[in-house]
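Here is the structure we will look at, set down as structure tokens.
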Amino acid sequence: MKYFYVTTPIYYVNDKPHVGHAYSTVIADCAARFKRLSGYKVFFQTGTDEHGLKIEKEADARGIAPKELADSMHIKFKELFSDLNISYDRFIRTTDADHVQTVRTAFEKLLKNGDIYLSEYEGWYCTPCETFLTEKSLSEGGKCPQCGRPASKVKEESYFLKLDKYEKKLLDFIENNSGFIKPEFRKNEVLSFVKEGLKNLSISRTSFKWGIPVPGDDNHVIYVWFDALLNYLTGLGHETYLEGRNPDFERFLESTNHIVGKDILKFHAVYWPIMLFALGLRPPKTILAHGWWLMDGAKMSKSLGNVIDPKVIVEKFGADALRYFLLSEITIGLDGDFNTGSFTVRYNSGLANDLGNLVSRTAAMLRKYADGKIPGKNAGEDAAVLNEALVLLNGLGERYDRYDFAKILEDIFRFINILNKYINDSAPWKLNINEPEDRSNLFKILKTAAVSIYYISYFIYPFMPETSGKINNMLNIKPFDLPGFSLDPGDAADYCEKLFKNGFSIAEKSEILFPRIKFE
RNA sequence: GGCGGUGUAGCUCAGCCGGUUAGAGCAUACGGCUCAUAUCCGUAGUGUCCGGGGUUCAAGUCCCUGCACCGCCA
């Protein structure tokens, strides 16, 4: 059995979800769906990060308990993910009991083996960012380089995680595992950061209470990142693993794929592997650092008022339209621009005209010329067309491993064009059903189109599960997300041959998949 | 300031180890079809491949340099 563990970051509940949250999650979902479809045992985790000073403050301002705030905010993420058809296996919250236990266990273990030690921190601190700063890194006037607010001088007791001890090991690991950090240019950034030398990381705070207390020392609360990163172990059942009752734990762990935004790569590519080293566990297989979405060329920000609520897009155009846009518009790793123009073009030209219309015209012809039946084995198939689908199938696995979504979609749409062209060129509407030769030609064309559309439905399933389901409904074939169903790309051709051998009726009616967006 | 990256058709980008008339999608113009969501197909393009210098029989592709933009670190 092949294993695949994919995670999104856990999202901080001080704000409601935006396009960026949707993006990370859709990437993970697309990968998870493909792997599941290909027969992997998949565990897909997302969730919310609920501790920390910001939450405590925001809750104070609203006059409620931090947990109440988290309870109300985490639901918004769940709702969005449900709207987007995110097929997560677990939605974790850092306030979940098993997570708190994992963090405590891990902290205690590292304290015992000396990788965590108590010491004193003296220096600069940015309270809003919960970050310790070096004197040199302060910008003019003693301000935090990240947020620009004044930093304050603090002297406090703190627990530290030894990073220097594992610096060499981390460097070796990164250099010997070429696919560890994607894309490549991010790997170079991480390498140069590590090479400059790592300072031990402060992993506790005494200035607030909303967090997991340090075991045996209630004055300290565990730093949010130390807490948050461990969610990836909690989800796999870290505690039952320690009790020797979790045989899958290590298999999933070694096939871990973290999806993160470029802003939090450092935490995942430096601190997290070191935490795992210290715990005697192996680092993730890959970390994908994706780019950010700009809005009409500008960085998203609340003050500019240009934050798009993904919920609104989904309500207007459907989950699949948003999923498709997010995954096709950006070459993975780079930033992208979200603007009405490019969204409309991708929707109208790609989804409505090319794909939607292809399905629509094929269904119409099957009904008009073949009594709504896909011809069975007595009809021929056009090998040249179907071969194109097989070529695409063959390259799929490798390209998913690179998260090359834009390229995969490009090729899927190339195949869609091939099929549109094939139909135009062979012009079934000109054939005379009463002429035997025309008749067999007609059936061959219709069958080829039907089988091709089934392939297309398979191809788009990870990207647009809802549309894939609609196409399968139209064809009267079970959807790809039936529990337990899998179809390895390598087996697809045989499977299709059997499936279409006897011929069958398609649905009597089918809906327009993507109504065109019309301009006023 | 240190390290790294990018600069190619109107737009977004692809061009691996240097080698025939530099590509794709979208947008534009014209033509064809009518099964289809006024959809689909075909044809036509346009480019000082950022500027300058160099290596080579041959450079968008390698080297140096200048400019512009971006990322990480400080």
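Throughout, protein chains are lettered first and strands after them, A, B, ... in sequence-line order, and every chain is numbered starting at 1. Worth knowing before you read on, the calculation uses all heavy atoms, side chains too, and leaves out hydrogens, waters and symmetry mates.
Between A:Y232 and A:W272, a ring centre-to-centre spacing shorter than 6.0 Å is recorded. Between A:F325 and A:W293, the ring center distance clears the sub-6.0 Å criterion. A distance of 6.0 Å or more separates the ring centres of A:Y324 and A:F514.
Comparing the same atom, C1', in B:U56 and in B:U61 gives a spacing of 13 Å after rounding to whole Å. Taking atom C1' on both nucleotides, B:C16 is separated from B:A74 by 35 Å, rounded to a whole Å. B:A58 sits 6 Å from B:G19 when the C1' atoms are compared, rounded to a whole Å. Separating the C1' atom of B:G1 from that of B:C26 is a span of 42 Å, rounded to the nearest Å. For the P atoms, the distance from B:A14 to B:C62 is 15 Å, rounded to whole Å. Using C1' as the reference atom, B:U12 and B:G53 are 32 Å apart when rounded to the nearest Å. As rounded to the nearest Å, B:G47 and B:U34 have C1' atoms that lie 37 Å from one another. Distance noted for atom P between B:U20 and B:C11: 27 Å (whole Å).
Comment: A:E175 engages A:K195 in a salt bridge, judged by a side-chain N to carboxylate O separation of less than 4.0 angstrom. A:E410 and A:K407 are not joined by a salt bridge, as no carboxylate oxygen comes within less than 4.0 angstrom of a charged side-chain nitrogen. In summary, A:K444 and A:E381 do not engage in a salt bridge, as defined by a charged side-chain N under 4.0 Å from a carboxylate O.
The local environment of CG in A:D172 is crowded, with over 12 non-hydrogen atoms from other residues, nucleotides or ligands closer than 6.0 Å. The environment of CD in A:E120 is crowded: more than 12 heavy-atom neighbours from other residues, nucleotides or ligands sit within 6.0 Å.
Note on residues 165-202 of chain A: pairs passing ring-ring contact (aromatic ring centres under 6.0 Å, His included), not counting sequence neighbours, are A:F173-A:F180.
A:K262 places its NZ atom 11 Å from the C1' atom of B:C72, with the value rounded to the nearest Å. Note: NZ (A:K407) to P (B:U12) measures 17 Å, nearest angstrom. Distance NZ (A:K187) to C1' (B:C3): 16 Å, rounded to an integer number of Å. Atom CG in A:L409 sits about 16 Å away from atom C1' in B:C26, given to the nearest Å. What separates CG of A:L327 from C1' of B:U12 is a distance of 17 Å, to the nearest Å. Atom CD of A:E189 and atom P of B:U6 are 13 Å apart (whole Å). Rounded to an integer number of Å, the gap from CG of A:D411 to P of B:G25 is 12 Å. Between A:D404 atom CG and B:A14 atom C1' there is a gap of 12 Å when expressed in whole angstrom units.
Panel note: side chain A:D320, backbone A:T467; a donor-acceptor pair is recorded below 3.5 Å.
With a cut-off of 3.5 Å on both Watson-Crick or G-U wobble distances, the partner of B:C69 is given as B:G5. Across all strands shown, B:G45 has no partner, as no Watson-Crick or G-U wobble contact with both distances under 3.5 Å is found. Judged by Watson-Crick or G-U wobble contacts below 3.5 Å, the nucleotide B:U12 has B:A24 as its partner. B:C33 is unpaired under the Watson-Crick or G-U wobble criterion, no partner having all donor-acceptor distances under 3.5 Å. Shown here, B:U61 forms no base pair; nothing in the strands shown gives a Watson-Crick or G-U wobble contact with both key distances under 3.5 Å. Under the Watson-Crick or G-U wobble criterion, with both distances below 3.5 Å, B:A38 has no partner in any strand shown. B:C17: no Watson-Crick or G-U partner with both key distances under 3.5 Å is found in any strand.
Positionally, the nearest nucleotide of RNA chain B for A:N188 lies more toward the 5' end than for the other of A:D335 and A:N188.
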Using a cut-off of under 3.5 Å, enumerate the N/O to N/O pairs linking the protein to nucleotides 32-42 of chain B.
unit_1	atom_1	unit_2	atom_2	d
B:C33	O2'	A:W429	NE1	3.4
B:C35	O4'	A:Y369	OH	3.4
B:C35	O2	A:R361	NE	3.1
B:C35	N3	A:R361	NE	3.3
B:C35	N3	A:R361	NH2	2.6
B:C35	N4	A:R361	NH2	3.1
B:A36	O3'	A:S360	OG	3.3
B:A36	O2'	A:N357	OD1	2.5
B:A36	O2'	A:S360	OG	3.0
B:A36	N3	A:N357	ND2	3.2
B:A36	N3	A:R361	NE	3.3
B:U37	O2	A:F514	O	3.3
B:U37	O2	A:R516	N	3.3
B:U37	N3	A:F514	O	2.6
B:U37	O4	A:F514	N	3.2
B:U39	OP1	A:R516	NE	2.5
B:U39	OP1	A:R516	NH1	3.4
B:U39	OP1	A:R516	NH2	3.2
B:U39	O5'	A:R516	NH1	3.2
B:U39	O2'	A:N357	OD1	3.1
B:U39	O2'	A:N357	ND2	2.3
B:C40	OP1	A:D354	OD1	3.1
B:C40	O2'	A:R361	NH1	3.2
B:C40	O2'	A:N424	OD1	2.9
B:C40	O2'	A:N424	ND2	3.3
B:C40	O2	A:N424	ND2	2.9
B:C41	O4'	A:N424	ND2	2.6

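A:F185 comes within contact range of no nucleotide atom at all, as no heavy-atom separation falls under 4.0 Å. Here A:R186 lies in heavy-atom contact (under 4.0 Å) with sugar-phosphate atoms only. Counting any heavy atom pair closer than 4.0 Å across all strands shown, A:K266 reaches sugar-phosphate atoms only and no base atom.
Of the listed residues (A:W225, A:Y159, A:Y271), just one forms a side-chain contact (heavy atoms from CB on, under 4.5 Å) with A:I203, and that residue is A:Y159.
RNA chain B lies under 4.0 Å from no heavy atom of any residue of residues 447-462 of chain A.
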